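Here the structure comes first, spelled out in structure tokens, and everything after it is commentary.
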Amino acid sequence: MSESPPPGRTAAARFGVAIHGLALLVFGALVWLLYGPPTGWTHRFFLGAGGDPWIFIWFLDWWPYALHHALSPFSTALVDAPAGSLLAWRTSIPALALPAAPATRAWGGLAVYNSLMLAAPALAAWGAWLAALELTRSRPAAFLAGLVFGFSSYEVGQMMNHLNLAFTVAVPLLVWACLRAQRRAWGPVRLGSVLGVLLTFQFGVSQEIFAASCVFGAIAAAILWARLPGVRPALRRLCPGVLAGLGLAALLLSPLLIAMLAQYGSSQGRIAPPGSLVNDVLSFVVPAPTAWIGGAHFPWARHIVPRDDEFMAYTGLPLLVLLGGIFLAARKRPAERALCLVALAAAIASLGPYLQIAGVRISTAPWIVFSYLPFLKAILPGRLILFGWLAVALVLALWVARPGRGPSRPLRYALAAAALLFVVPAPGFARLWSPVGVPDVVSGPAVLPPGSRVLFLPDAGDAVRYLSAGGFAYQLMGQGYLGNGQPQPFARWTLFGPLSANAFEQIDPAAFAAYLAHYGTDRVVVLKEGFLRRLPGMPPDRSAAAERLLRAAGREVAGA
């Protein structure tokens with residue numbers, strides 16, 4: 001018979017679980033205060049802006065639909081019909097969609113998407129809390145680390161439109177597992193099992209972050225090996241478990257990996273080049289437009305980083321000065337110095353293949369080596385700053401928790417809090433809730449009979465929104481934005497460029513009629529101006545121009 005654990009140990013374990021649950025509740029409450037929906041909101045709103053959120057809503061609906069109808073989840077004929085689209089290299093989030101499938105079938109992908117988006121920063125903060133608590137054994141320091149990671153500029157930017165990149169809880173949990181394994185002397189099997197599950201989950205959320213985690217994990221391990229000779233035995237002990245975790249993840253992910261390898265060649269045209277998303281050197285210092293303090297006073301920052309969701313690297317001068325001071329004063333604290341170097345390595349890697357200052361390319365940068373490698377070239381280097389934020393969170397946790405010389409502990413917490421104020425987002429950016437804007441016609445069988453092949457004009461990249469809202473009852477002809485790249489074979493037509501840009505006046509009506517007939521288009525739905533998402537540079541009166549083109553092509557106009 002096995003012995004029962006001592007009562008004191010059982011009570012301590014229960015108290016620890018309660019503390020972890022309380023931390024998660026506090027992080028969740030802070031997320032609601034920062035990102036919560038506006039007063040009077042309904043299910044007709046979604047958290048974010050633009051067309052990217054609908055990619056994830058579509059996939060949340062797609063997985064249970066595909067499994068229920070015994071369809072392959074890795075390809076579909078519903079978008080870019082009749083050619084169809086390969087999905088293995090898309091951000092299909094199976095690790096989120098499959099567990100949420102019962103909720104999706106009950107309440108729909110939109111409600112599940114909003115719930116997952118609100119959960120993402122709270123869980124990310126909680127994961128950093130666990131990692132920092134394992135590192136420092138200090139709950140206040142761990143809470144500070146959770147705030148830094150879960151509410152960083154990276155997380156704020158991704159909360160605008162990228163569920164797969166905002167849901168980063170597995171990244172700090174990977175660090176926690178390694179720290180826990182070292183402290184509790186886990187064997188390779190136990191560590192491999194935990195890491196395998198976490199890596200599988202991360203791959204199912206974002207293949208890009210999975211690949212980046214593997215690459216940057218190796219970089220971080222090399223820095224720790226070089227700077228902390230005392231941890232080298234621990235790193236050697238962790239290696240078998242890490243390798244076992246990668247092997248288990250490969251086994252669990254084998255169906256998706258096989259599909260990705262099969263679709264690798266045909267999917268490369270849809271992968272953005274690594275130089276398309278990088279961090280400018282000034283983006284670390286110049287207040288982002290999303291920042292609560294100073295953001296409104298630097299509107300020219302958009303010339304450095306053109307999109308608000310890409311201000312992931314903004315750290316603020318006070319926090320950079322504080323980190324520099326920690327590094328210089330930590331001569332006898334090699335762990336703090338090593339983590340500062342890890343953060344610096346992430347910042348350098350996030351600059352991409354070429355160094356840019358104020359938007360001007362200065363020279364090559366270290367990431368250029370990875371930008372030519374198979375698979376790794378799909379990583380957009382600007383997002384590597386995620387690992388820099390985690391390193392910063394752990395550095396600050398170590399700094400505020402340590403005893404000894406230097407500023408008193410309360411003063412350290414005050415200095416850290418003051419520095420972090422500069423990265424707090426402005427409420428107008430954090431509470432970015434957008435109306436759904438789906439016309440009733442998308443689910444009306446009188447206009448769109450089930451199984452029909454439909455083209456929506458003007459095209460603002462929102463056709464998957466209508467397909468998802470219509471329950472996948474019809475097909476999108478040459479449309480269906482689920483990521484980068486132009487769909488083939490449609491892009492080979494001369495008129496495809498003007499059609500995608502809604503420049504209908506440049507299209508020959510006879511060529512347009514031939515295009516529609518060639519691909520068996522049953523209906524062309526013209527969206528009214530009230531349902532259109534205004535794209536940058538889109539001329540006015542696009543609905544009227546689309547109607548004129550259709551009539552000139554001899555087609556009936558179906559309005560929405």
Side-chain angles (χ1 to χ4, degrees), residues 23 26-36 120-122 124-126 128-129 132 136 138-160 166 168 279 282-299 301-302 304-305 308-327 329 336 339-340 343 346-347 385-386 388-401 406-432:
V26 172
F27 290 133
L30 292 174
V31 168
W32 187 265
L33 289 174
L34 188 61
Y35 297 104
W126 187 70
W129 145 277
T136 66
S138 168
R139 294 190 182 96
F143 184 76
L144 174 66
L147 291 178
V148 173
F149 185 71
F151 300 89
S152 64
S153 299
Y154 169 90
E155 193 73 18
V156 170
Q158 302 312 322
M159 287 292 288
M160 293 184 184
T168 58
N279 289 323
L282 292 184
S283 65
F284 291 86
V285 182
V286 178
T290 56
W292 177 44
I293 297 178
H297 301 294
F298 293 87
R302 284 194 175 91
I304 302 172
V305 180
D308 293 336
D309 62 337
E310 294 177 3
F311 277 93
M312 303 172 288
Y314 175 60
T315 311
L317 189 58
L319 183 54
L320 289 174
V321 170
L322 178 60
L323 292 171
I326 292 173
F327 179 81
E336 293 176 20
L339 284 172
C340 284
I385 199 62
L386 162 70
W389 278 109
L390 180 56
V392 168
L394 296 178
V395 166
L396 291 178
L398 279 175
W399 181 64
V400 298
S408 65
R409 190 171 294 180
L411 179 57
R412 278 179 253 156
Y413 278 103
L415 289 173
L420 292 174
L421 279 177
F422 287 82
V423 297
V424 173
F429 286 96
R431 292 178 175 268
L432 191 61

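What you see is a predicted model; the values in this text were computed from it and never measured.
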Worksheet item: Checking side chain to side chain contact (heavy atoms under 4.5 Å, CB included) against F284, which of L319, N279, L317 comes through?
Response: N279
Fill in: Atom pair CG/CH2 of L144 and W399 - distance to nearest 0.5 Å
9.5 Å
Practice prompt. Could you tell me which non-hydrogen atom of A128 sits nearest to which non-hydrogen atom of G146, and how far apart they are?
Written response: CB-CA, 4.0 Å
Worksheet, complete the sentence: Smallest heavy-atom separation, M159 atom then P121 atom, equals SD-CD, 3.6 Å
Worksheet item: What are the two closest non-hydrogen atoms of V392 and A343, and how far apart are they?
Response: CG2-CB, 4.0 Å
Discussion item. Please report the interatomic distance CD1(I385) to CG(L390), rounded to the nearest 0.5 Å.
Written reply: 11.5 Å
Practice prompt. Spell out, as yes or no, whether a donor-acceptor pair under 3.5 Å connects the side chain of R431 to the backbone of L33.
Written response: yes
Worksheet item: Any side-chain heavy atom of F422 sitting closer than 4.5 Å to one from T315?
Response: no
Worksheet item: If you measure from CG on L394 to CZ on F149, what distance do you get to the nearest 0.5 Å?
Response: 9.0 Å
Worksheet item: Under the side chain to side chain contact (heavy atoms under 4.5 Å, CB included) test, which residues partner A397, sequence neighbours left out?
Response: A132, T136, A141, A145
Discussion item. Taking side chain to side chain contact (heavy atoms under 4.5 Å, CB included) as the definition, give me every residue that meets it alongside V156, ordered by chain and number, with sequence neighbours left out.
Written reply: Y35, P425
Item to complete: Return the set of residues passing side-chain hydrogen bond (donor to acceptor under 3.5 Å, both in side chains) with W389 (not counting sequence neighbours), or none when no residue passes.
Response: none
Discussion item. Looking at every heavy atom in both S138 and A401, which two are closest together, and how far apart are they?
Written reply: CB-CB, 3.9 Å
Item to complete: Measure the shortest side-chain to side-chain distance between L398 and I326 over non-hydrogen atoms and say whether it is less than 4.5 angstrom.
Response: no
Item to complete: Take Y314 and T290 through the side-chain contact (heavy atoms from CB on, under 4.5 Å) test and state the conclusion after the steps.
Response: CA-CA 10 Å; Y314 175 60; T290 56; over 6 Å; no
Worksheet item: Atom CD in Q158, atom CD in E310: separation rounded to 0.5 Å?
Response: 9.0 Å
Worksheet item: Can you tell me if T168 uses its side chain to pair, donor with acceptor, with the backbone of A124 under 3.5 Å?
Response: no
Worksheet item: Measuring from F311:CZ to I304:CD1, what's the distance to the nearest 0.5 Å?
Response: 7.0 Å
Practice prompt. For L147, check side chain to side chain contact (heavy atoms under 4.5 Å, CB included) against everything at least two apart and list the hits.
Written response: F27, L30, F143, F151
Fill in: side-chain contact (heavy atoms from CB on, under 4.5 Å) evaluation trace for I293 with V424
CA-CA 7 Å; I293 297 178; V424 173; over 6 Å; no
Worksheet entry | From SG (C340) to CG (L396), nearest 0.5 Å | 8.5 Å
Worksheet item: Taking it one step at a time, do V400 and L415 satisfy side-chain contact (heavy atoms from CB on, under 4.5 Å)?
Response: CA-CA 10 Å; V400 298; L415 289 173; over 6 Å; no
Discussion item. Using the side chain to side chain contact (heavy atoms under 4.5 Å, CB included) criterion, which residues pair with R409? Sequence neighbours excluded.
Written reply: P403, R412, Y413
